[in-house]
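Before any comments, here is the structure.
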Amino acid sequence: MTTPPSALSYPEVGATRGAPLPRGYLHLHVAERIGHGRAVFEAAGAAVTGWEMHRASGARVEASAPRAEPGVRVRISLGAGPLRLTAPCEVVWAADGPDRTGFAYGTEAGHPECGEEAFLVELREDGEVWFTVRAFSRPAAWYTRLAGPAVPLAQRLYARRLAGVLRRAAAA
């Protein structure tokens with residue numbers, strides 16, 4: 001995959017790192033418990049930052065690096081044949097700490113949405129491991145505008161699917 005200059009399609013770069021999310025976008029926040037203990041945290045964190053979470057959910061991933069780090073370019077594709085949607089993104093921030101790991105990517109020109117999405121795995125003090133998806137977006141293509149309220153529903157369902165993927169990966 002070649003890496004042309006960054007073409008992020010929104011000005012609020014990095015806004016998923018803190019609160020509140022920017023106004024003028026739809027907001028998504030899904031948090032699910034995926035297990036307990038350091039081993040679950042490490043397995044889930046590796047699956048998130050190594051793109052395996054996306055791949056195991058059925059998405060095709062083309063990335064400019066094997067691990068999500070700032071500046072890495074990625075194209076996520078879902079669907080098949082003429083119904084395949086491709087979403088070009090760039091990793092805008094990453095976390096790699098003893099109790100928090102993950103990243104956020106922002107949309108580039110050509111993405112069906114405009115905004116940013118963060119995927120975080122956290123090991124809490126009580127040993128519980130949680131996966132959180134936090135995003136802000138708005139339609140950027142005619143077909144996402146036409147789909148209207150179906151898009152946020154699909155995003156929420158996909159976030160829950162990712163949590164299920166991590167739950168299974170951590171249990172293996």
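Residue numbers run from 1 in the order of the sequence given. Values in this document were obtained by computation on a predicted structure and should not be read as measured data.
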Closest non-hydrogen atom pair, Ala63 against Val72: CB-CG1, 4.5 Å

Check whether any side-chain N or O of His27 sits under 3.5 Å from a backbone N or O of Phe136 as a donor-acceptor pair, and report yes or no. no

Is the shortest distance from a Lys or Arg side-chain nitrogen in Glu62 or Arg73 to a carboxylate oxygen in the other one below 4.0 Å? no

All heavy atoms of Tyr25 vs all of Pro11, minimum pair found to be OH-CD, 4.0 Å

Tell me, do Cys89 and His111 make a side-chain contact under 4.5 Å, heavy atoms counted? yes

Hey, could you give me each pair passing salt bridge (Lys or Arg N to Asp or Glu O under 4.0 Å) that has a residue in residues 163-172? Not counting sequence neighbours. Glu32-Arg167

Sub-4.5 Å side-chain heavy-atom contact between Leu8 and Val92: yes

Side chains of Arg124 and Val129: does their closest heavy-atom pair fall under 4.5 Å? no

Would a single hydrophobic cluster contain both Val133 and Val61, if residues Ile, Leu, Val, Met, Phe, Trp and Tyr are joined by side-chain heavy-atom contacts under 4.5 Å? yes

When you compare the side chain of Val13 with that of Trp93, does any pair of heavy atoms fall below 4.5 Å? no

Separation between CE (Met53) and CG (Leu166), nearest 0.5 Å, reads 6.0 Å

Side-chain donor-acceptor pairs of residues 95-104 under 3.5 Å, sequence neighbours excluded:
| residue | atom | partner | partner atom | Å |
| --- | --- | --- | --- | --- |
| Asp96 | OD2 | Arg67 | NH2 | 3.2 |
| Thr101 | OG1 | Ala95 | O | 3.2 |

With the side chain counted from C-beta on, respond yes when Phe41 and Val121 share a heavy-atom pair under 4.5 Å apart, and no when they do not. yes

Roughly how far, to the nearest 0.5 Å, is CZ of Arg138 from OG1 of Thr144? 11.5 Å

Judged by atom type as modelled, is there a donor-acceptor pair below 3.5 Å linking the side chain of His29 to the main-chain atoms of Thr132? no

Please name the pair of heavy atoms, one in Ala170 and one in Val40, separated by the smallest distance, quoted to 0.1 Å. CB-CG1, 3.6 Å

Heavy-atom nearest pair, Cys114 first then Tyr10, reads SG-CB, 3.7 Å

Quick one: are Arg38 and Leu123 in side-chain contact, heavy atoms under 4.5 Å? yes

Can you spot which of Leu120, Val48, Val165 makes a side-chain contact (heavy atoms from CB on, under 4.5 Å) with Phe131? Val48

Would you list the atom pairs, donor with acceptor, under 3.5 Å between side chains in residues 151-159 and any protein atom, with sequence neighbours excluded?
| residue | atom | partner | partner atom | Å |
| --- | --- | --- | --- | --- |
| Gln155 | NE2 | Ser137 | OG | 3.2 |
| Tyr158 | OH | Ser57 | OG | 2.9 |

Taking every heavy atom of Ala140 against every heavy atom of Arg145, the minimum-distance pair comes out as C-NH1, 3.5 Å

Starting from the C-alpha separation in whole Å, work towards a yes-or-no answer on ring pair (Phe, Tyr, Trp, His ring centres under 6.0 Å) for Phe119 and Tyr105. CA-CA 9 Å; Phe119 309 93; Tyr105 52 42; 5.3 Å; yes

Might you confirm whether atom CZ of Arg60 has over 12 heavy atoms from other residues, nucleotides or ligands at distances under 6.0 Å? no

Mind running side-chain contact (heavy atoms from CB on, under 4.5 Å) on Leu28 and Arg134 for me, showing each step along the way? CA-CA 6 Å; Leu28 174 69; Arg134 191 163 190 257; over 6 Å; no

Checking Glu116 against Thr16: is there a side-chain donor and acceptor pair closer than 3.5 Å? yes

Identify the heavy atoms of Ala44 and Ile34 that sit nearest to each other, and give their distance. CB-CD1, 3.5 Å

Donor-acceptor contact present, side-chain Ser9 to main-chain Ala109, <3.5 Å: no

For residues Leu162 and Val30: do they belong to one hydrophobic cluster (side chain heavy atoms under 4.5 Å, members Ile, Leu, Val, Met, Phe, Trp, Tyr)? yes

